[in-house]
Amino acid sequence: MVAVRVAVVPTPAGGARLRVLAEDGRPIGGAQVHADLVEAVGVLERAEAPRWVMANTMELYPRLLAAGVTVTRCHDVELAEALLLGYAGRWGEPRGLPAAWARLTGAPVPPDRPPRSRDHQPTLFDAGQSTPGTPSGDDPLDMLVAVHQAQRERMDAIDRPDRFHLLVAAESAGALAAAEMGHAGMPWRADVHSALLTELLGPRQAHGLPPRRLGELSERIAAALGDHRLHPDSPAEVVRAFARAGIRLPSTRSWVLKEIDHPAVPLLLEYKELYRIYTAHGWSWLASWVRDGRFRPEYVPGGVVSGRWATRGGGALQIPKAVRRAAIADPGWVLVVADAGQLEPRVLAALSGDDRLALAGGGGDLYRTLADEVFGGDRKRAKIGMLAALYGQTSGEASTLVAALRRQFPRAVEYVERAARIGESGGLVRSWLGRTCPPATAPAVSGEPDPDEDGESGDLSLSPGRARARGRFTRNFVVQASAADWALALLATLRTGLTGIGAPGDRPELVFFQHDEVMVHCRSEDAPEVVALVERSAASAGRIVFGDTPVRFPLDVATVDCYADAK
DNA sequence: AGTTTCATATGG
DNA sequence: CTCGCCATATGAAACT
């Protein structure tokens, strides 16, 4: 019989212990012991491609990838635990296997281990069976099997189990993709990056001395303000210098400075831009994060409450446009870059079943249609109105614009307003697939008491100010988290499909994922097939997540040599 | 000296 | 009185 699911734990000596499971998680037969983890997984994957049940994908899978073994599907017990805890309103409790096992057996719940650092070498201890706080003698494979089985039962017991199963599968697939992306890395030309820095900043100086261009600018800024010396990166100094020149600044933010008519302003703006690149994406960034022609950040699936990914170093999700010129495909290869346009309003249309809004997104530019239907052709206002509805903005003319939207799209607007009301009254909201927002936290952890908070006398209701903030959060959560549901489904479909394209050994590789954008590195001749696959995956993600919906999720797809040319 | 918060930038 | 969501990362400033 074909193994549907297989639980796997590594042994300290590089081996593995496996147990075949039925779909519901019940073990079939006893534990198998293998001397070689990589071989055991590789053989079974090729033969039966089961869903691998693992405690933590990001810890185990990189070892398999390093040895050339990929797997198709998994169930990540830790990620599933976090989703289940969140669903139950127990957000923030330890979610690791030892903690889940302790809850199952009624033992004291140990805290989660802190995440390992990036250049941490696995030790016998890490790979081993005992974990701090766990009674030794508990077999990790037994723990894994039992916790997984219990998770399957908990998943079946909640509302909309079909969607929640999808969520766990998508979250797990995301973890596989994250490990694979960390393994592949984004093609990155250090020489191009360095040349770009030199062009912008002047040649690199020794000992972290600021590059010449920054020094020159700061001298000219000082001179323009009648000073001898000035650190333009110190907001306090800049404010003081302007004060001496008779200009009072509330802050030194770019948009504040832009309103000021003074010769130092353009210099200062230029300085800020260059300084930012120098400190955040300069030579030291290059040295820390780019090796062997690849940028390898550390992705953290499920790292953001809304289900978006985070990174633990490298800042992969904030790569400035200016340095994207260094992301260049290998010779003979290209980058297929695809991003979902206007994803959040489209997701709102699907969530709320607002078919009129769905229709408005049918023509490609949703804001354009909105503008023509509601705002007398004013696209800018249409966009502000929609974003105000999604974020809860009330200042300026935002309320008026949202009210206008509501007249034409009552279901969509009511959906987010309802989420806001639930949040304001202290309730929980969920994404379409069931990812749940964290509960309202107890205010004033330390320091100054919140002026908006009158008393801490065990009153669970929120103060008006906090309640409104909470409402904006839950309002946005339902949309942002459901958009993340969709994006994960896209990613999962895409990564599976890619294994069928290209020649073995020269497969397209997923190298980047950023909220609503994916990047595939592939041979030029495979690009058309990849483009078609990405587009199919987007459409299929819409159906998988939202079922039968008229909402379209169009992608902007570009096949380029260089990331900077994608948009 | 080490740690935390603030200000400002980047991304979606 | 103010009122736009989610993040990461850096250096300066403030704090222990």
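Just so we're on the same page: letters track the sequence lines, and every chain starts at 1.
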Can you tell me how far CD of A:Glu219 sits from CG of A:Leu230, rounded to the nearest 0.5 angstrom? 11.5 Å
If I take atom CD in residue A:Glu517 and atom P in nucleotide B:dG12, what distance separates them, rounded to the nearest angstrom? 7 Å
Going 5' to 3' through nucleotides 11-16 of chain C and flagging B where a protein heavy-atom sits under 4.0 Å of the base, S where only the sugar-phosphate is that close, and - otherwise, we get SSS---
Short side-chain N/O contact from A:Thr252 to OP1 or OP2 of B:dT8, under 4.0 Å: yes
Rounded to the Å, how far apart are A:Arg472 CZ and C:dT2 P? 14 Å
Can you tell me if A:Arg212 uses its side chain to pair, donor with acceptor, with the backbone of A:Pro203 under 3.5 Å? no
A:Asp556 CG to B:dG12 P: how many Å, rounded? 13 Å
Just to be sure I understand the geometry, which residues of residues 391-419 of chain A put a non-hydrogen atom under 4.0 Å away from DNA chain C? A:Tyr391, A:Gly392, A:Gln393, A:Thr394, A:Ser395
Estimated bend of the helix from B:dA1-C:dT16 to B:dG12-C:dC5 (axis per five terminal pairs, rounded to 10 degrees): 10°
Residue A:Arg411 excluded, over 12 heavy atoms near CZ under 6.0 Å: no
Please classify the nucleic acid contact of A:Val479 as base, sugar-phosphate, or nothing, using heavy-atom distances under 4.0 Å. nothing
Can you pull every protein N or O that's under 3.5 Å from an N or O on nucleotides 1-3 of chain B?
none

With respect to A:Phe295, which candidate in A:Trp188, A:Tyr563, A:Trp289 satisfies the ring-ring contact (aromatic ring centres under 6.0 Å, His included) definition? A:Trp188
Using the P atoms only, state how far B:dA7 lies from C:dC3, rounded to an integer number of Å. 15 Å
Look only at the side chain of A:Asp112 and the backbone of A:Arg95, and say whether a donor-acceptor pair between them is shorter than 3.5 Å. yes
Could you check how far OH of A:Tyr271 sits from P of C:dT10, rounded to whole Å? 16 Å
How close or far is atom P of B:dA7 from atom NZ of A:Lys272, stated in whole angstroms? 12 Å
Calculate the interatomic distance between A:Leu390 atom CG and C:dC5 atom P; express it in whole Å. 12 Å
Using a heavy-atom cut-off of 4.0 Å across all strands, would you classify A:Arg470 as base, sugar-phosphate, or nothing? nothing
Give one of base, sugar-phosphate or nothing for A:Gly303, where a contact means two heavy atoms less than 4.0 Å apart. nothing
d(CG, A:Leu286; C1', C:dT10) in whole Å: 17 Å
Looking at C:dG4, I'd like to know if its phosphate oxygens (OP1 or OP2) sit under 4.0 Å from a side-chain N or O belonging to A:Lys383. no
State whether the side chain of A:Ser482 and the backbone N or O of A:Trp432 hold a donor-acceptor pair below 3.5 Å, judged by distance alone. yes
Counting heavy atoms not belonging to A:Glu273, are there more than 12 under 6.0 Å from its CD? no
Can you tell me if the side-chain N/O atoms of A:Ser254 get under 4.0 Å from OP1 or OP2 in B:dA9? yes
If the condition is salt bridge (charged side-chain N to carboxylate O under 4.0 Å, His left out), which residues does A:Arg90 pass it with, not counting sequence neighbours? A:Glu93
Are more than 12 heavy atoms, taken from residues, nucleotides or ligands other than A:Arg418, located less than 6.0 Å from that residue's CZ atom? no
Without decimals, in angstroms, what is the distance between A:Arg435 CZ and C:dC6 P? 15 Å
A:Thr474 (side chain) donor-acceptor with A:Ala419 (main chain) under 3.5 angstrom: yes
Base, sugar-phosphate, or nothing: which does A:Leu387 touch, judged by heavy atoms less than 4.0 Å apart? base
Holding to salt bridge (charged side-chain N to carboxylate O under 4.0 Å, His left out), I want the full list of residues that pass it with A:Asp365, two or more places apart in sequence or in another chain. A:Arg379
Once you round to the nearest 0.5 Å, how far does CG of A:Leu83 lie from CG of A:Leu167? 4.5 Å
Heavy atoms under 4.0 Å, any strand shown: does A:Gln480 hit a base, just sugar-phosphate, or nothing? base
Ring geometry between A:Trp285 and A:His193 (parallel below 30°, tilted from 30 to 60°, perpendicular above 60°): tilted
Where does the angle between the aromatic ring planes of A:Tyr299 and A:Phe512 fall among parallel (under 30°), tilted (30 to 60°) and perpendicular (over 60°)? tilted
Other residues, nucleotides, ligands: >12 heavy atoms within 6.0 Å of A:Lys383 NZ: no
Within less than 4.0 Å of OP1 or OP2 of C:dC3, is there a side-chain N or O belonging to A:Arg468? no
